[in-house]
Amino acid sequence: MTRLVSGRFALVTASALAYFLSIGMLMPTIPRFVENVLDGGGVAVGVVAGAFAFSAAVLRPWAGRIGDRQGRRVLVLGGAAVLGLSYVLYVFVDALVPLVLLRVLSGVGEAAMFVGAATAIQDLAPPERSGEAASYFSVAVYGGLGGGPFLGESIQRAHGYDAVWIAAACACAVAFVLGWWTPIGTTSDEARPLLNRAALGPGAAMLLSLSGLAAFTGFLALYVDHEGLGDAGPVFATYGGLILAMRLAGARIADRFGARETAMFAVGCIVAGMLLLASWSTRPGVFAATAVFSIGMALQYPALIRLVISQAPADERSSAIATLSIFFDLSQGLGLFVLGGIVAVFDGERAAFLAAAVLSAGAVGALVRMTPRRAADGGRSPLAPEAQPPG
């Protein structure tokens with residue numbers, strides 16, 4: 001079996017870990033900052049959180065084009081620098097509009113960094129182990145998103161919100177330093193469409209299924225506060241820890257059992273987790289729902305990445321991953337906006353979890369349209385040659 005983990009693979013992954021740790025620090029603190037300091041409600045929380053995702057989505061295609069033409073390293077370094085600068089500027093925020101504008105700037109950094117790092121990981125991976133590579137890389141993503149909230153919540157309670165922003169900026173600085181070892185990868189000057197066709201079908205599945213993630217990250221902290229269910233930090237840490245365990249123990253699940261089949265199972269877990277969260281309003285219920293939801297989230301990303309990478313040429317990988325990432329951003333930007341409105345109308349986060357379950361279930365339709373076949377390398381390839389991605 002061809003070697004997967006190398007020194008550069010480890011450094012790119014470590015850079016991503018530091019980067020996503022900075023994002024994770026803000027997951028519980030931004031909603032509380034909006035509500036407790038800026039006197040915003042559910043809609044304001046959704047707008048602030050969604051501005052980050054929406055601006056990232058708009059810029060993903062250009063980030064993908066830069067990565068395919070100039071290489072992956074410039075995206076990693078530029079993204080970490082822009083995100084870190086935006087966090088420093090949060091210190092001066094005392095109103096909702098400036099925060100929304102700075103969240104837009106943060107999204108610029110996110111658009112570049114993720115595309116660069118995720119593409120570099122696939123460049124470093126043998127084709128038959130692309131799902132495994134995505135699993136290991138996502139350990140850094142969800143390790144940061146899982147551990148960051150606990151760290152951010154602890155810093156905020158001990159030292160205030162400004163200390164959280166500075167700590168997050170320092171994490172971005174670490175990501176920048178480690179990012180110097182990111183490979184440039186295969187590049188091409190050939191003009192191509194901004195949206196890569198190979199990612200449209202998997203992207204549709206991602207758009208719908210990740211409404212569950214929007215509900216979880218955007219409203220869980222407020223839900224446990226309003227229901228008197230204790231701190232949100234341990235719940236987010238459980239989420240990150242379970243994803244870490246699943247990604248390590250089941251790194252080759254998508255490669256062995258088929259990307260489409262794995263993605264469909266993941267969607268079922270996401271739906272079940274949202275339904276449990278809405279219906280079982282106790283501390284044990286929150287942890288049980290988080291456990292089921294985490295299984296789905298752990299399996300979904302490697303499966304969808306494999307669906308995309310199996311169809312995209314090496315010199316189109318940045319644009320393919322960028323296109324898939326657009327659907328992630330839209331799921332969070334639009335999802336948070338819609339779910340924030342539902343929270344305001346129905347006066348409670350429980351309605352957002354129910355709505356997310358319904359939306360996530362719609363991803364099955366996009367996945368069913370993909371026809372699996374056995375690939376020449378012994379893995380599972382998601383689309384037959386004659387099949388066209390939906391969209």
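Since we're looking at a predicted model, the values are computed, not measured.
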Looking at residues at least two apart in the chain, or sitting in another chain, which of them share a side chain to side chain donor-acceptor pair (under 3.5 Å) with [X]?
X	value
R32	E153, D225
Y136	E132
T217	none

If we only count heavy atoms from C-beta on, is the [X] to [Y] side-chain gap below 4.5 Å?
X	Y	result
S15	V76	yes
P202	L324	yes
M274	S279	no
P183	R8	yes
E110	Y19	yes

- Ring centroid separation for F33 and W165, is it under 6.0 angstrom? yes
- Heavy atoms from other residues, nucleotides or ligands near CZ of F265 exceed 12 (cutoff 6.0 Å): no
- Partner of F52 under side chain to side chain contact (heavy atoms under 4.5 Å, CB included), chosen from V104, L102, L83: L83
- Message: Using the side chain to side chain contact (heavy atoms under 4.5 Å, CB included) definition, which of the options V12, D123, I66 pairs with R72?
- Response: D123
- Does the pair L220 and L277 meet the rule for a side-chain contact (heavy atoms from CB on, under 4.5 Å), with working shown? CA-CA 9 Å; L220 179 69; L277 198 57; 4.3 Å; yes
- Message: F293: which residues meet the ring pair (Phe, Tyr, Trp, His ring centres under 6.0 Å) condition with it, sequence neighbours left out?
- Response: F216, Y239
Below 3.5 Å, can you tabulate the donor-acceptor pairs from side chains in residues 352-367 to any protein atom, sequence neighbours excluded?
residue, atom, partner, partner atom, Å
S360, OG, S209, O, 3.0
S360, OG, S211, OG, 3.2
S360, OG, A356, O, 2.8

- Give a yes or no on whether L248 and I243 share a hydrophobic cluster (residues Ile, Leu, Val, Met, Phe, Trp, Tyr; joining criterion: side-chain heavy atoms under 4.5 Å apart). yes
- Item | Distance-only polar pair, side chains of S106 and Y90, donor-acceptor under 3.5 Å | yes
- What do the steps show when you test I166 against Y87 for side-chain contact (heavy atoms from CB on, under 4.5 Å), and what is the final call? CA-CA 7 Å; I166 296 301; Y87 287 157; over 6 Å; no
- Message: Other members of the hydrophobic cluster containing V292, with the 4.5 Å side-chain heavy-atom rule, please.
- Response: L276, W280
- What distance separates L151 CG from T29 OG1, expressed to the nearest 0.5 Å? 10.0 Å
